[in-house]
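Heavy atoms only: backbone and side chains are in, while hydrogens, waters and symmetry mates are out. Just so we're on the same page: letters track the sequence lines, and every chain starts at 1. These figures come from a predicted structure and were not determined experimentally.
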Amino acid sequence: MQSKKPTLLRGMRDFAASQVFKRNYILDTIRHTYQKYGFLPLETPALEHLDTLTGKYGEEGDQLMFKILNSGDFLAGISDQIKDYKALSRQITAKGLRYDLTVPLMRYIAMNRNTLVFPFRRYQMQPVWRADRPQKGRYREFYQCDVDTVGTQSLLYEAEIIVMIHEVLLRLGIEDFTIHMNHRDVLKGLATLAGAADQAHALGAALDKLDKVGKDKVLEELKDKGFLPNALAKLMFIFDLPTTQKDRWAVLTKQLDSNQIGTREMQKILDYTHSLGLEEPSITLDLTLARGLSYYTGTVFEVKMKHLNWGSIGGGGRYDGLTGAFGQTGMSGVGFSFGVDRLYEVLEELNLWPSPLGYDTQVMLANLDHLSEQWALKVLATLRKNEIRAEIYPETVRLQKQLQYAQKRQIPFVAIIGSEEQTAGVVALKNMQTGAQKPCSLASLLQELS
RNA sequence: GUGAUUGUAGCUCAGUUGGUUAGAGCGCUGGUUUGUGGUACCAGAGGUCGCGGGUUCGAGCCCCGUCUAUCACCCCA
């Protein structure tokens, strides 16, 4: 057999124990909160039919989808005249890796519509795959933690999402965040104001870049896209919005028709968050928030760190037509997704990990000789019965080696058990940090470690 | 997908205008005798110089391709 140096695929990662512990800490925190709000778990397969996935995310999304080559003779019946790779790809691939968790949810709901209880509330924490070029905090396989409520138009659920975002982030010790909120209907209203109602998407895409490229570049892009100068003049207020939330609302409602659904809904949502006990939500009305995923139809959110200029740590919004693609119309849903990998980077950067994380071994039993082994194993069993994470060194090698092992593993306590201890019915408990050592009875050992 | 930069021991890096057996620090393994680690000392292992081709008498250094990582764009978690 030829051996080649093994490597990882682009954008794919291994996770060592210390990383898994940290990731689990994030996942546990999110799961705990989601469940507290009454959401139930769902898991779906990594692979879906390609036609389930495509056409929901916009052109960009479809391009970034990982496709799986058909099994067997995938060239059977394919003309060798085909030179267009896209046409060929449609014929030789029929399944793909999921791109997010929302579309699989819609498929699931459409399939189980007669047995599910609506409104259907589920959370889902699983990996998704995108054939993107990796960058910092951006990978080709990454975890999303979705919550969605499907089957009701109630804006209460938008408000709940906002409250949950606060709870999860504050639990993780993250305070320096802002939830940016906008509404597709507001974007439509702005486009209408500029005399191009059908150009809402283009307008959003251009505005989205405002904080990155500045006002002039945005205007330039809009001109290129066909917006007329006198139409643009009507949009100039966007660039000089007041700083306080209240004044912003005033300007926006004045500029847009007072019957705007978008502004009314967002107001209502804010009222709800107050009623749900969120005194000062970290929310800002952000007219430049567009979000590329094309399935959103109502409010959209994105959570960003105020002082870290990275991508968002989560995003979501309301979608009305998604189940329609699976033959189930009139089903509105709203959802949100945390990015575990982004949260990880934030906790890492801000040094917010708790210590200890509470998953690693608390005590190692040193294995001195076969005579005392029986006593050692009894101690080990007792520790585990009392929910203390314990292990025993597998061989009776020199104590020096065993202590070195414990040190490298960063195990905080070593219990030394030899014939002396066995006769006395104790263990010698050594604190690896201070080096102090004292004989302990079984009872005091348990007390010391719990 | 577009445009750049990058890649030498497990890790961080050195390697002079292309010229013999490619180096350091840390880490690793063993030892400094018997049941005590993190310090010190001694010894040792470990590199097809990312991979594949090319130029050259000769390539870690030059050229091309490819993979990876990083950055910007696109888009996004």
*Side-chain N or O of K136(A) less than 4.0 angstrom from OP1 or OP2 on A69(B)?*
no
*asked:* Looking only at side-chain N and O atoms, does Y296(A) offer a donor or acceptor that is under 3.5 Å from a partner on N182(A)?
replied: no
Could you go through nucleotides 33-36 of chain B and list every protein N or O atom that sits under 3.5 Å from one of its N or O atoms, giving the distance for each pair?
residue, atom, partner, partner atom, Å
G35(B), O6, E420(A), N, 3.2
G35(B), O6, E420(A), OE2, 3.4
G35(B), O6, E421(A), OE1, 3.4
G35(B), N1, E421(A), OE1, 2.9
G35(B), N1, E421(A), OE2, 3.3
G35(B), N2, E421(A), OE2, 3.1
U36(B), O2, K430(A), NZ, 3.1
U36(B), O2, Q437(A), OE1, 3.3
U36(B), N3, Q437(A), OE1, 2.7
U36(B), N3, Q437(A), NE2, 3.3
U36(B), O4, Q437(A), NE2, 2.6

*Does F142(A) stack onto the base of A77(B), taking stacking as ring centres under 5.5 Å apart and planes under 30° apart?*
yes
*Nearest-Å distance for atom pair CG/P, residues L169(A) and A77(B)*: 15 Å
*Quick one: on RNA chain B, does Y139(A) or L8(A) contact a more 5' nucleotide (nearest heavy atom)?*
L8(A)
*How is K304(A) classified with respect to the nucleic acid when contacts are heavy atoms under 4.0 Å: base, sugar-phosphate, or nothing?*
nothing
*hbond_proxy R342(A) side chain to C76(B) base (donor-acceptor, 3.5 Å cutoff)*: yes
*asked:* I'd like to know if R409(A) reaches the base of G37(B) with its side chain such that a donor and an acceptor end up less than 3.5 angstrom apart.
replied: no
_I want to check one thing: is the phosphate of C76(B), taken as OP1 and OP2, less than 4.0 Å away from some side-chain N or O of R138(A)?_
no
*asked:* Show me the dot-bracket string of RNA chain B, counting Watson-Crick or G-U pairs under 3.5 Å, with | for pairs to another strand and [ ] for crossing ones.
replied: (((((.(..((((.....[...)))).(((((.......))))).....(((((..]....)))))).)))))....
*Distance only, no hydrogens: is a donor on one side chain within 3.5 Å (strictly under) of an acceptor on the other, for D320(A) and S332(A)?*
yes
